[in-house]
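Input: a single structure, listed below in C-alpha cells.
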Amino acid sequence: MRQYAYRAQIFHLLDDPQHDAEAFQYFKDGLLIVEDGHVKAVGSFRRLAKTLRASTKINHYKNHLIMPGFIDTHIHFPQVDIIGSYGRQLLDWLQDYTFPAELAFKDSKVCVETARFFVKELLRNGTTSALVFGTVHEGSADALFAEAQKKNMRLIAGKVLMDRGAPKGLLDGKDLGRAATKRLIKKWHGRGRLGYAITPRFAPTSTPEQLAMAGVLKAENPSVHVHTHMCENKDEIKYVGELFPDSTDYLDVYEKHGLVGDKTVLAHGVHMSASMCKRVSANGAAISLCPTSNMFIGSGLFNLSQLRRHKVRHALGTDIGGGTSFSMLMTMNAAYSVCQLRDLSLSSMDAFYMATLGGAKVLGMDKYVGNFELGKEADFVVMDLKATPLIARRLKIAKRLKALLFAIMILGDDRMIAETFVMGRSVYKK
Ligand code: GUN
Ligand code: ZN
C-alpha cells in the first residue's frame, strides 16, 4: 500500500472548544501521513519524518496550512444561478427567483451540467462534505449523487418534497413523491460515501399528507437524514401558523409528523423560542446556521448564545443561493459579524470547529471525517497563507495560532484554497 506524506503547518480540532478550549493540535512544521485514503499519522515533521518508508516522497507546502476539509451543512445545488438576486425577502424571493430557476431542472441536461459545476465549486472552495437540497425532480438528486460519487465525496442529499405553494411543475404528483424518494434511497443511500436525506422543502410547501408520508419514509429508513428549513423569516413563521392552526409552533409541525430526531438538520433557526430550543435539543436534532443568507435575504440575526444555553447541536451552512458565497471562510466571517451584532465575539476556534468537526457531528459523519484522528478518511485542504498581498502581510504579523486563524477566517475566501484532497486524492489544484 502506497504511503503519501504532506509537510506544512497543520491544524485540526479534537473536540468542541466550548467543552475543552485546548482540544486542538497545531504543528508549525507538521507532517500528515496518508495510506489507503486514511490518516496514518499526524504530528511534527521532526518526529514523524523518520517513520516514513524510504520510498515515500514528501510533498512540501511552504507557507501553507493543511486542515480538514470544510463541511457545509446546508446548501442548494440548483440555486447556483440565482446567487445575488436583488431585493426580495424569503417568501417573495422563493416565488420570484428560486421557483423559476428550479423549474429548469425538469431537463436532465440542466441537472447534470449544474451538478458538475456545483461539485467543482465546492472543491474549489475546500468543501469536501455537504448536506444538499436538490429540486423536486428525481433527476436532480441522481445527477448530484453521480457527480459526487465520481469525486468519492462524503455527501448527503435528497430530492425535494413539495406538493403545494409553488408552480405546478415543481409539485410532487399523486403519490406525494414517495416512489421517487424510495428509488433514490435504494439507489444511493450508503453507496460509497453517499447518504440520503428526506427533504421536505419547508412546512408551507407540503400538505400535512405529504409531511406524514415523509415521516413514514423516515420510520421505514431510520438511517437516512431529514433535511428541511425552519424559523428563517418572520413572515414565513406567521404563514406556517396560518397553514397549521393545530400546531403550537413551527417545530411542532415537524414533530407531529415524526420528522425531528438525531438525524434531522433544520436550516436557519433564526427565530426560535426557548421551548423550541429545548425540544430540538431533547430530540438531538441540529440547526444549520446560514449567516450570509440570513443577512442577504434580510431574515435576521441567529442567536448563538441561546442555542449554546440549550445545548442545541449546530454548525454552519452557506445556503447557496440565498447565501452569497460557497466559501466556508466567508461564512465564518459572516457568522462572526452576526454574533458581534448580538454581543457575542465568536472565537476563531469556535468558528473553525463549526466549519469542520462540528459540521461532521451535525451530519453524523464525525466517525469518518472532521479532523485528522488516526484512521479517519483523509479529506483535507491546503491553504495558501500568501494567497493575496494583503493576506500575506496580515498573516505575517499574526504570531499566535488563534490570531492567525482569526485573520484567515476574516480575510480568506476561495483564493486561499491551493489544493483540496478527498480520501487522499487531489481533486482540485489552483
Ligand atoms: N425556505 C424554503 N425554501 C428555501 C430556500 O430555497 N432557501 C431558503 N433560504 N429558505 C427556504
Ligand atoms: Zn436553504
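Hydrogens, waters and symmetry mates are skipped; everything else that's a heavy atom, side chains included, is used.
The heavy-atom pair separating Phe99 from Gly165 by the smallest distance is CE1-O, 3.7 Å. Summarising the geometry of Ile75 relative to Ala130, their closest heavy-atom pair is CG2-CB, 4.1 Å, with the distance given to 0.1 Å. When all heavy atoms are compared, the tightest approach of Val253 to Ser247 is CG2-OG, 3.5 Å. Across all their heavy atoms, Gly43 and Leu48 have their closest contact at N-CD1, 3.2 Å. The minimum heavy-atom distance between Gly323 and Thr292, with the atom names listed, is CA-OG1, 3.2 Å. When every heavy atom of Ile417 is checked against every heavy atom of Leu123, the shortest pair comes out as CG2-O, 4.3 Å.
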Listing, residues 293-300 side-chain donor-acceptor contacts under 3.5 Å, not counting sequence neighbours, or none:
unit_1: Ser293; atom_1: OG; unit_2: Asp319; atom_2: OD2; d: 2.7
unit_1: Asn294; atom_1: ND2; unit_2: His268; atom_2: ND1; d: 3.0
unit_1: Asn294; atom_1: ND2; unit_2: Cys290; atom_2: O; d: 3.4

Could you go through residues 218-228 and list every donor-acceptor pair under 3.5 Å that involves a side-chain atom there, pairing it with any protein atom two or more places apart or in another chain?
unit_1: Lys218; atom_1: NZ; unit_2: Pro222; atom_2: O; d: 2.8
unit_1: Lys218; atom_1: NZ; unit_2: Val224; atom_2: O; d: 2.7
unit_1: Glu220; atom_1: OE1; unit_2: Arg178; atom_2: NH2; d: 3.4
unit_1: Glu220; atom_1: OE2; unit_2: Arg178; atom_2: NH2; d: 3.3
unit_1: Asn221; atom_1: ND2; unit_2: Leu217; atom_2: O; d: 2.9
unit_1: Ser223; atom_1: OG; unit_2: His189; atom_2: NE2; d: 2.9
unit_1: His225; atom_1: NE2; unit_2: Leu363; atom_2: O; d: 3.1
unit_1: His227; atom_1: NE2; unit_2: His74; atom_2: ND1; d: 2.8
unit_1: Thr228; atom_1: OG1; unit_2: Pro200; atom_2: O; d: 2.7
unit_1: Thr228; atom_1: OG1; unit_2: Arg201; atom_2: O; d: 3.1
unit_1: Thr228; atom_1: OG1; unit_2: Tyr254; atom_2: OH; d: 3.2

Please tabulate, for side-chain N and O atoms in residues 151-162, each donor-acceptor pair with protein atoms closer than 3.5 Å (sequence neighbours left out).
unit_1: Arg154; atom_1: NE; unit_2: Glu377; atom_2: OE1; d: 2.9
unit_1: Arg154; atom_1: NH2; unit_2: Glu377; atom_2: OE1; d: 3.4
unit_1: Arg154; atom_1: NH2; unit_2: Glu377; atom_2: OE2; d: 2.8
unit_1: Lys159; atom_1: NZ; unit_2: Val136; atom_2: O; d: 2.7
unit_1: Lys159; atom_1: NZ; unit_2: Asp172; atom_2: OD1; d: 2.5

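Remark: Arg47 engages no residue in a side-chain hydrogen bond (donor to acceptor under 3.5 Å, both in side chains) (not counting sequence neighbours). Residues forming a side-chain hydrogen bond (donor to acceptor under 3.5 Å, both in side chains) with Gln89 (at least two apart in sequence, or on another chain): none. A search for ring pair (Phe, Tyr, Trp, His ring centres under 6.0 Å) contacts involving Phe118 returns Phe77, Phe326, not counting sequence neighbours. Residues passing the side chain to side chain contact (heavy atoms under 4.5 Å, CB included) test with Val112, sequence neighbours excluded: Arg116, Ala143. Partners of Ser327 under the side-chain hydrogen bond (donor to acceptor under 3.5 Å, both in side chains) rule, at least two apart in sequence or in another chain, do not exist in this structure. By the side chain to side chain contact (heavy atoms under 4.5 Å, CB included) test, Ala360 pairs with Ile71, Met365, Asp366, Val369, sequence neighbours left out. Residues forming a side-chain hydrogen bond (donor to acceptor under 3.5 Å, both in side chains) with Gln18 (at least two apart in sequence, or on another chain): Asp350.
Legend: side-chain hydrogen bond (donor to acceptor under 3.5 Å, both in side chains) pairs involving residues 64-73, not counting sequence neighbours, sorted by first then second residue: Asp72-Thr318, Thr73-Ser288. The stretch residues 273-284 participates, sequence neighbours left out, in these salt bridge (charged side-chain N to carboxylate O under 4.0 Å, His left out) pairs: Asp249-Arg279, Glu255-Arg279.
Salt bridge absent: Glu138 and Lys187 never bring a charged side-chain N and a carboxylate O closer than 4.0 Å. The pair Lys386-Asp384 fails the salt-bridge criterion, with no side-chain N (NZ, NE, NH1 or NH2) lying under 4.0 Å from an Asp/Glu carboxylate O.
With a 4.5 Å cut-off on side-chain heavy atoms, Tyr61 and Tyr6 count as touching. Proximity of Trp93 to Ile82: side-chain heavy atoms (C-beta onward) are separated by under 4.5 Å at one or more points. Using a 4.5 Å cut-off on side-chain heavy atoms (C-beta onward), Val42 and Phe27 make contact. No side-chain heavy atom of Ser347 sits less than 4.5 Å from a side-chain heavy atom of Phe406. Contact check for Leu122 versus Glu147: no side-chain heavy atoms found under the 4.5 Å cut-off. Side-chain atoms of Lys361 and Asp16, non-hydrogen and from C-beta on, never get closer than 4.5 Å to each other. The closest side-chain heavy-atom distance from Pro68 to Thr128 is not below 4.5 Å. By the 4.5 Å heavy-atom criterion applied to side chains, Val382 and Phe421 are counted as neighbours.
Just one residue in the list Met330, Arg393, Met416, Arg394 forms a side-chain contact (heavy atoms from CB on, under 4.5 Å) with Leu411, and that residue is Arg394. Looking at Ile10, Ile58, Leu32 one by one, the single match for side-chain contact (heavy atoms from CB on, under 4.5 Å) with Phe45 turns out to be Ile58.
Expressed to the nearest 0.5 Å, how far CD of Glu373 lies from CG of Leu14 amounts to 6.5 Å. The CZ atom of Phe11 lies 6.5 Å from the CZ atom of Phe352; values are rounded to the nearest 0.5 Å. Separating the NE2 atom in His12 from the CE atom in Met67 is a distance of 11.0 Å, to the nearest 0.5 Å. To the nearest 0.5 angstrom, Leu329 atom CG is 7.5 Å from Asp413 atom CG. Rounding to the nearest 0.5 angstrom, the gap separating the CZ atom in Arg191 from the CZ atom in Phe145 is 10.5 Å. Summarising the geometry, atom OG belonging to Ser305 is positioned 8.0 Å from atom CZ belonging to Arg342; distances are rounded to the nearest 0.5 Å.
Phe133 and His229 have their aromatic ring centers within a separation under 6.0 angstrom.
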Worksheet entry | side-chain contact (heavy atoms from CB on, under 4.5 Å) assessment of Leu91 paired with Glu236 | CA-CA 7 Å; Leu91 298 177; Glu236 167 212 18; 4.3 Å; yes
Discussion item. Does Met272 form a side-chain contact (heavy atoms from CB on, under 4.5 Å) with Asn303? I'd like the steps, not just the answer.
Written reply: CA-CA 9 Å; Met272 284 167 66; Asn303 190 341; over 6 Å; no
Fill in: CA sep, side-chain torsions, deciding dist, call: Phe105, His137, ring pair (Phe, Tyr, Trp, His ring centres under 6.0 Å)
CA-CA 7 Å; Phe105 287 73; His137 312 94; 7.2 Å; no
Discussion item. What verdict does the side-chain contact (heavy atoms from CB on, under 4.5 Å) test give for Met276 and Ser273, after you've listed the backbone C-alpha separation in whole Å, the side-chain angles of each residue and the deciding distance to 0.1 Å?
Written reply: CA-CA 5 Å; Met276 292 170 90; Ser273 64; 3.2 Å; yes
Practice prompt. For the pair Met328 and Thr356, evaluate side-chain contact (heavy atoms from CB on, under 4.5 Å) and give the outcome as yes or no after the intermediate values.
Written response: CA-CA 10 Å; Met328 290 300 286; Thr356 57; over 6 Å; no
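A donor-acceptor distance shorter than 3.5 angstrom exists from the side chain of Ser281 to the backbone of His310, with no hydrogens or angles considered.
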